[in-house]
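Working notes for the structure below.
Every value quoted in this text rests on a predicted model; they were computed, and no experiment measured them.
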Amino acid sequence: MSRRLTSRRAGPQEPPSARVPIVVPLRHPGRWVAAAIVALLVAMLVHSLFFSHVYLDGQRRQRYQWGIIGQYFLSSEVVKGLGLTLALTVIAMTGGIVLGVSFALMRMSPNPVVSTGAWWYIWFFRGTPVLVQLLFWFNASYIFPSFSLGIPFGPAFVHFDLNTWITPFLAASVGLALNEGAYMAEIVRAGIISVDPGQVEAAQSVGMTRLKALRLVVLPQAMRVVVPPTGNETISMLKTTSLASVIVVPELTYAVEQIYSSNYETVPLLMVASLWYLIVTTILTFGQYHVERYYGRGSRRSRLTHWQRIWLSLAIRPRRTALAGNTRSLER
């Protein structure tokens with residue numbers, strides 16, 4: 001409890017009904033100590049970012065060189081790299097969600113061949129590093145110089161030269177989507193399992209097929225479990241796209257690498273990339289909150305944001321103080 005109630009005993013001439021409850025807020029010294037430590041660390045961080053200086057070659061300059069950061073923050077190379085990063089994120093997450101839903105249903109299939117094939121896919125792509133997968137798809141033409149469509153073990157009708165088809169962007173898109181599909185498959189499967197089996201039985205008892213019950217009954221209820229980790233995967237994918245710079249995809253990280261390799265301003269350019277990642281992550285976080293709030297309707301969980309909870313606590317504290325003051329005045 002955040003407060004305790006006590007009462008003043010009635011005097012010898014006062015009836016028992018004259019007892020007035022006194023609200024005494026509980027004290028939390030540990031919270032104040034923790035808040036003071038956090039405030040001190042924040043002050044030290046702000047001082048280091050904006051007010052600290054270093055001496056280099058006998059000259060005094062800002063530690064993080066905010067002038068250079070502002071110079072390249074909206075440069076054409078950085079903006080183009082940011083656009084390519086967003087495109088990779090959208091393509092990889094779209095492909096990953098489609099693959100994840102498909103392989104989650106295959107994983108739960110009663111057919112042992114189908115479920116085993118889905119298990120092997122999830123096992124392989126979750127068990128190998130993303131960077132290794134990107135390098136493999138970038139060099140896939142070494143193993144498969146051409147790709148053919150036709151009758152299995154028979155004649156081929158269409159031939160593709162993978163040396164010309166597999167570009168760095170395509171390799172990154174395929175590698176990231178396939179890797180994300182393995183993780184999304186387990187997320188979707190966990191959401192489906194969280195739904196009470198009686199829901200499916202009730203849907204089938206009114207004549208729904210298994211697929212229709214899954215689409216109209218199970219998946220809408222599973223979204224409450226699926227959406228939060230999917231939002232986290234989207235934010236993680238935004239940052240994972242930086243690995244595509246290894247295979248020469250000119251996304252955000254590769255763009256700043258090209259700039260600081262020519263002017264040797266490594267730290268300011270890395271700060272530029274970090275600021276853009278933080279901005280996009282913040283936007284995605286707000287979007288994730290509203291989607292979670294939409295699918296969390298009817299639950300008992302609090303739907304207030306972090307800042308709303310802080311504002312509410314600050315608004316309630318003066319009321320508690322006023323209530324305690326009024327109680328003491330009544331006592332007197």
*Walk me through it: do L252 and L84 pass the test side chain to side chain contact (heavy atoms under 4.5 Å, CB included)?*
CA-CA 7 Å; L252 182 57; L84 205 56; over 6 Å; no
*Verify side chain to side chain contact (heavy atoms under 4.5 Å, CB included) between R215 and L211, making sure each step is shown before the conclusion.*
CA-CA 6 Å; R215 181 171 58 89; L211 184 60; 5.7 Å; no
_Set out, in order, the CA-CA distance, both residues' side-chain angles and the distance that settles side chain to side chain contact (heavy atoms under 4.5 Å, CB included) for I193 and M108, then state yes or no._
CA-CA 10 Å; I193 292 175; M108 302 178 66; 4.2 Å; yes
*Show the numbers, then the answer: is there a side chain to side chain contact (heavy atoms under 4.5 Å, CB included) between M237 and L176?*
CA-CA 8 Å; M237 178 58 67; L176 293 174; 4.1 Å; yes
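Between S242 and Y277, the closest side-chain pair of non-hydrogen atoms falls below 4.5 Å. Between E257 and S245, some side-chain heavy-atom pair lies under the 4.5 Å cut-off. Put simply, the side chain of V227 does not reach to within 4.5 Å of the side chain of Y294, judged on heavy atoms. No side-chain heavy atom of L219 sits under 4.5 Å from any side-chain heavy atom of V195. In this structure, F136 and I143 have side chains that are in contact, with non-hydrogen atoms separated by less than 4.5 Å. Residues V249 and T241 have side chains not in contact (no heavy-atom distance under 4.5 Å, counting atoms from C-beta outward).
Side-chain atoms of S261 come within 3.5 Å of backbone atoms of Q258 as a donor-acceptor pair (strictly under, hydrogens ignored). Between the side chain of Q133 and the main chain of T128, a donor-acceptor pair closer than 3.5 Å is present. Side-chain atoms of N179 never come within 3.5 Å of backbone atoms of G175 as a donor-acceptor pair (strictly under, hydrogens ignored). With hydrogens and angles disregarded, no donor-acceptor distance shorter than 3.5 Å links the side chain of W276 to the backbone of M271. Here the side chain of E251 pairs a donor or acceptor atom with the backbone of T253 at under 3.5 angstrom. No side-chain donor-acceptor contact under 3.5 Å links S48 to the backbone of M44. Between the S109 side chain and the V114 main chain, no donor and acceptor come within less than 3.5 Å of each other. A donor-acceptor contact shorter than 3.5 Å is absent between the side chain of S236 and the backbone of E233.
If you chain together hydrophobic residues whose side chains sit under 4.5 Å apart, I279 and L270 fall into the same group. With hydrophobic clusters built from ILVMFWY side chains whose heavy atoms lie under 4.5 angstrom apart, L278 does not share a cluster with V267. Note on V174 and V132: separate hydrophobic clusters, where clusters join Ile, Leu, Val, Met, Phe, Trp and Tyr whose side-chain heavy atoms are under 4.5 Å apart, directly or indirectly. Taken together through direct or relayed side-chain contacts under 4.5 Å among Ile, Leu, Val, Met, Phe, Trp and Tyr, Y260 and Y254 form parts of separate hydrophobic clusters. Taken together through direct or relayed side-chain contacts under 4.5 Å among Ile, Leu, Val, Met, Phe, Trp and Tyr, L216 and V226 form parts of separate hydrophobic clusters.
The environment of F124 atom CZ is sparse: at most 12 non-hydrogen atoms of other residues, nucleotides or ligands sit within 6.0 angstrom. Within a 6.0 Å radius of CH2 in W165, other residues, nucleotides and ligands contribute 12 heavy atoms or fewer.
The CD1 atom of I122 lies 4.5 Å from the CD atom of E186; values are rounded to the nearest 0.5 Å. Once rounded to the nearest 0.5 Å, the distance linking OG1 of T281 with NZ of K239 reads 5.5 Å. For the atom pair M223 CE and T230 OG1, the distance stands at 7.0 Å (nearest 0.5 Å). The structure places CD1 of I69 at 10.0 Å from CD of E265, a figure rounded to the nearest 0.5 Å. Here CG of L134 is found 10.0 Å from OG of S173. Values are rounded to the nearest 0.5 Å. For the atom pair CD1 of I235 and CD of Q288, the computed distance is 5.0 Å after rounding to the nearest 0.5 Å.
Every ring pair (Phe, Tyr, Trp, His ring centres under 6.0 Å) that Y121 has, sequence neighbours left out, goes to F103, F125.
Heavy atoms only, all atoms of each residue included: S75 and I259 are closest at OG-CD1, 4.3 Å. Listed here is the closest heavy atom pair of F51 and V46: CD1-O, 3.9 Å. The two atoms that bring Y183 and R126 nearest to each other are OH-O, 3.8 Å, heavy atoms only. Of all heavy-atom pairs spanning A171 and I166, the tightest one is CB-CG2, 4.0 Å. For the pair A203 and V217, the tightest heavy-atom approach, listed with the atom from each and the gap, is CB-CG2, 3.9 Å. Counting all heavy atoms, side chain and backbone alike, Y72 lies closest to V78 at O-CG2, 3.4 Å.
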